[in-house]
Amino acid sequence: MIDLSKYSPNQQDAILTNDKHLRIVACAGSGKTTTVAGKVAYLLDPINGFDVAPENIIAFTYTEKAAAELKNKILNNVGNHRGMANMYIGTIHGWCLKALQENEYEYQSFSVLDEIKLKLFIDKHYDTIGMKEVKKLSNSTVPLRRFIDTSLFVQIMDIIRESDRQELPENLTRAKAQYEKTLKSKKYFDFSMIMEKAMECMEASSNLSARIKSDLKFLIVDEYQDINPIQERLINRIQEVSQCKLVVVGDDDQNIYQWRGSNNRYIIDFESKFDNSATKSIPLSTNYRSSDGITKIAETLISNNQKRIPNKEMKSGGLQNFTKGQDILYNRYDSVTDENEAIANYIDNILGVPFTDDEETRGITFSDISILLRTWSKAETIVEALERHNIPYITAGVNQLFETREIEAALGLFTYLYGDLERSELKELWQKLPNNNIDNDRLEIALNDLDTKFPKLPEVETNWEYSLQNILWDFISLAEIYEDSFIDHTDPDLHKRTKERAEIMFFNLGKFSQVINDFEEINFNSSSPSFHLFSFLSFINYVARDYYPEGWLNNPYTTPNAVQIMTIHQAKGLEFPVVLIPGLNNNYLPSKKRGGLNVWHFLDRELIEEQSRYEGDPDKEDERRLLYVALTRSQKFLLLSQAPDLNNRLYKVESDYIQELTRAKIGSFPILISDHKQDFSSFTKIDQQSKEKVKNIALDFTTLKDIFECPYRFKLISVFGFRYPLNQRMGVGRSFHNCLMELHKRGKEGESMSKEEVNEVVDRQTHFPYLTNSTILKPRLWDKVRKNVTEYYEDTKDDFSHIEFVEQDIQYKVDDSILVLGRIDLIKKVGSDGKYETTIIEFKSDEESADLPITKDQLKLYALGHRELTGEIADYIMTYVIGENKVKTPEKLYESDLNSIESKIRDAVDLIWSERFLRTEEKKTCQECFQVRLCSNRVQHDIKVKR
DNA sequence: CCGAATACGATTTTT
DNA sequence: TCGTATTCGG
């Protein structure tokens, strides 16, 4: 039961109002997530008599990160309420994909292309994908150009599918049709298509419509101010079909994604969507984050905007005190150099200044401070100043991956094979890496091996599996270039420094491995080896260079104590005791519009409703909201600064917004104090302490398996991000899986299938994304799937009436911040006379190992999730190997099995927190390990690599 | 002093 | 390619 007294009256109102559509207008720091989590818990609690189960609620968030946060808060509120895995909390895209794959058999074998893979795909299919159809409006003989204009094509396709618009001209209609057809033929979605298809699916009298009609009672939409037209249409459709209550949460003043077509008019006009009495609007106007000074100055700024909900005003909840002339400052300098130097000095000065938060007083430390930027270009000189002062910092968006020495060396392998680099030059690139301990003889061996891989060699020319990923892995392996080769063990200080550098180096190599993987997923063996190599190098030079960020010092599972440098967009939803906003010049904030060739040279502005959304409004309201978001990140301290940029004549004049901020007053005293150098030396500095930040993590079984078997493998895959080389056989396991899922689902409904119908299932669900046409492998793989699936169906169809769950999502909460997620293939329930037995079944293709103890761990983990779902402990666990069609005997499951797997998970999580990524000592594990080529255990245990 | 011509510099990012 | 700042010319 939730304790209502800890919520404010308006928050309580938001929790208790459940008979109307609800708009919660939540200002910055108003406890929005807490309120939503409280509302969900209240609805679920049987004591309140709503008769609402987890599957009756859907909550949309804007990012996966926000979803994880909300999910955790809800789980902490509801205690051990059962079946929480059935409540969807996630992004709109995620829900659409799940809805399509669960309800339309056709889409089970589809996968989603992210932006970079989409661009690769478009360039590969330039001739047929409709890009040539898109012509310049001013000169209809000029089409979009391959490679150069691919981003524009992506943008145009997004806009015409996501906006509200007029009928398209013929050429664009053709382009759209060709684009969608080409993607579909290769079983790919792009992000917009997921939403479009989900919409279509709900228009028909489909499974999906029936499903939401029977299940859905409450649809919660977070960050509703950032919704774009297609998302609005989708939300409306879901509501119409299900007749659910709609709960939207957001802040019209924090809409900052207008270049994606998002529009705060949807939240402003929410009440006109339904009949007057059907909706209620509740403001959460108390800001529990920031001082009076911060809230007043931000409110003064944003009140200059016209497009916002009338008569609302943010008030401080008084959790922070405001000290006039000290907390909020605005300084002007003669040059950017001076400005940056002052920033570094300010940081040095404020460290240890007492700050009270959650009723505890501690000294300000690095991680309490953030520097917010409008553009990344501002970061470089700031970083230099911080380095001069030895101030630790984190940035997450600088594009310099390809300029690092390790990536130059790795890329050298391919320029060498292409013939643009001498062998001696390549060798030098590797030998000159800092702190390296690479053996000359080993390097020669690796280079000699590389010499057998020139694409022009007769024996290579006909190789259908010319894998660049393999070339990289072989080189690393043969030269014995491992993370430990770069660590100096001679003295502790050197050890620490070289260890950090080695981690960054391998993080970057891991990123590079992902770059190769992105390229090869789309282009795997679709051409001759030499063309494959050529197009990879072109991809690197023309596309990838400004796309992949450089590795950070930290790994994603820990937060170091450092100053955070980020864009205002990235800071959304975060809070810091100290916020610095430098560079407040016109053309920077507010930024000037971008020049150059753009979408509107190809797409008529008239066709798109509210087209100005995409270009930024002339009143600069969008940019004002951005500054508003930046200001409201601060709990107490705020330093604004400005200086003319001597190197750039665009950035010389002070931002117009400064004048607006100057008008902010408390009583008759201005809040913003200009050119008053605050000196914190009069303060009694106290112990610097980082605030404990709860870091939510979700683990799936694949990740846990790595930690169980070899923590170092977890590091290689989940921290560094190395990707395994692709091959033509990939897809067997997933094909089996999808076939069985369809058979089971239809079988569960009582359908009995003929041999022809089973064949149709196989045709629909089997997919080998990397298979070439001209090989004997194709019929072999298809026959294998067909034969085994048919046999499986014949053997087990009589048993299908006992199926209880197919592809059931499960989750298991380890503690307040750790959630384990999974999906059980099949659960059978056999019984009579009120007595029954439950079996959890996991399918493996014969290429996977089914007998290993690790598979039993997987099943035990699923049993934990099954208990969460049903409250019952399953009786048996069983693995079914499809390839051999050999039924394994079910094994009895005991309660002690659940306890042992639970403590095993806890141990694994401890290893992650403490960063003890040790290599396994089991030789057998290494022999089975796919990543052994990247690990020094290969040498230690003398393992022969089989490929 | 003002309009026209010319020189210069050039986002934000999630799914 | 286009928006903005600066310079040029009357």
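First the proteins, then the strands, lettered A, B, ... as listed; each starts at 1.
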I'd like a table of donor-acceptor pairs (distance under 3.5 Å, sequence neighbours excluded) in which one partner is a side-chain atom from residues 142-149 of chain A, with atom names and distances.
residue	atom	partner	partner atom	Å
Arg145(A)	NE	Asp149(A)	OD2	2.9
Arg145(A)	NH2	Asp149(A)	OD1	3.2
Arg146(A)	NE	Asp123(A)	O	2.8
Arg146(A)	NH2	Asp123(A)	O	2.8
Asp149(A)	OD2	Arg145(A)	N	2.8

(request) Determine the contact category for Asn648(A): base if any of its heavy atoms lies under 4.0 Å from a base atom, sugar-phosphate if only primed atoms, P, OP1 or OP2 are that close, otherwise nothing. (result) sugar-phosphate

(message) Tell me every residue that passes salt bridge (Lys or Arg N to Asp or Glu O under 4.0 Å) with Glu104(A), counting only those two or more places apart in sequence or in another chain.
(response) none

(request) Take atom CD of Gln258(A) and atom C1' of dT13(B), then tell me their distance rounded to the nearest Å. (result) 12 Å

(request) Can you tell me the distance, in whole Å, between the CG atom of Leu626(A) and the C1' atom of dT11(B)? (result) 10 Å

(request) Give the rounded distance in Å between these two atoms: NE2 of His569(A) and P of dT15(B). (result) 14 Å

(message) With a 4.0 Å cutoff (strictly under), does any side-chain N or O of Thr567(A) reach OP1 or OP2 of dT13(B)?
(response) yes

(message) For Lys71(A), give me all partners under salt bridge (Lys or Arg N to Asp or Glu O under 4.0 Å), at least two apart in sequence or on another chain.
(response) none

(message) Tell me the interatomic distance from Asp645(A), atom CG, to dT6(C), atom C1', rounded to whole angstroms.
(response) 16 Å

(request) Could you check whether Asn587(A) gets within reach of a base, just the sugar-phosphate, or nothing at all, counting any heavy atom under 4.0 Å? (result) sugar-phosphate

(message) If you only use heavy atoms from C-beta on, which nucleotide in dT1(C), dT15(B), dT4(C) is closest to the side chain of Glu64(A)?
(response) dT15(B)

(request) Output the single nucleotide from dT1(C), dT12(B), dA5(C) whose closest atom is nearest the side chain of Leu650(A). (result) dA5(C)

(message) Nearest whole Å is fine: how far is dT14(B) P from Met195(A) CE?
(response) 15 Å

(request) Select from Leu597(A) and Ser591(A) the residue whose nearest nucleotide in DNA chain C is closer to the 5' end of that strand. (result) Leu597(A)

(request) Give Lys136(A) one of three labels, base, sugar-phosphate or nothing, depending on what nucleic acid heavy atoms sit under 4.0 Å from its own. (result) sugar-phosphate

(request) Can you tell me, in whole Å, how much space there is between the C1' of dC2(C) and that of dT13(B)? (result) 23 Å

(message) Quick check for you: among dT1(C), dT15(B), dG9(B), whose closest atom lies nearest to any side-chain atom of Lys592(A)?
(response) dG9(B)

(request) Rounded off to whole Å, could you give me the OH-to-P distance for the Tyr62(A) and dT12(B) pair? (result) 17 Å

(message) Below 4.0 angstrom, which residues in residues 223-237 of chain A have at least one non-hydrogen atom near DNA chain B?
(response) none

(message) Among residues at least two apart in sequence or on other chains, which ones pass side chain to side chain donor-acceptor pair (under 3.5 Å) with Lys124(A)?
(response) none

(request) May I ask you to test the Gln231(A)-Tyr266(A) pair for a side-chain heavy-atom distance under 4.5 Å? (result) no

(message) Any side-chain to backbone donor/acceptor pair from Asn228(A) onto Gly261(A)? Under 3.5 Å, distance only.
(response) no

(message) Let's see if you can work this out: which of dT11(B), dT15(B), dA10(B) has an atom nearest to the side-chain heavy atoms of Thr375(A)?
(response) dT11(B)

(request) Please report, rounded to the nearest Å, how far the C1' atom of dT12(B) is from the NZ atom of Lys572(A). (result) 12 Å

(request) Please determine, for the side chain of Phe191(A), which listed nucleotide (dT15(B), dT13(B), dA10(B)) has the closest atom? (result) dT15(B)

(message) For a quick check of understanding: with a heavy-atom distance under 4.0 Å over all strands, which category does Thr63(A) fall into, base, sugar-phosphate or nothing?
(response) sugar-phosphate

(message) We want to know whether Asp656(A) and Asn586(A) form a side-chain donor-acceptor pair, criterion being a heavy-atom distance below 3.5 angstrom.
(response) yes

(request) Please report, rounded to the nearest Å, how far the P atom of dT4(C) is from the OH atom of Tyr588(A). (result) 18 Å

(message) When you measure only distances, ignoring hydrogens and angles, does the side chain of Arg374(A) come within 3.5 Å of the base of dT12(B) through a donor and an acceptor?
(response) yes

(request) Please identify each residue that fulfils salt bridge (Lys or Arg N to Asp or Glu O under 4.0 Å) with Arg624(A), with sequence neighbours left out. (result) Glu660(A)

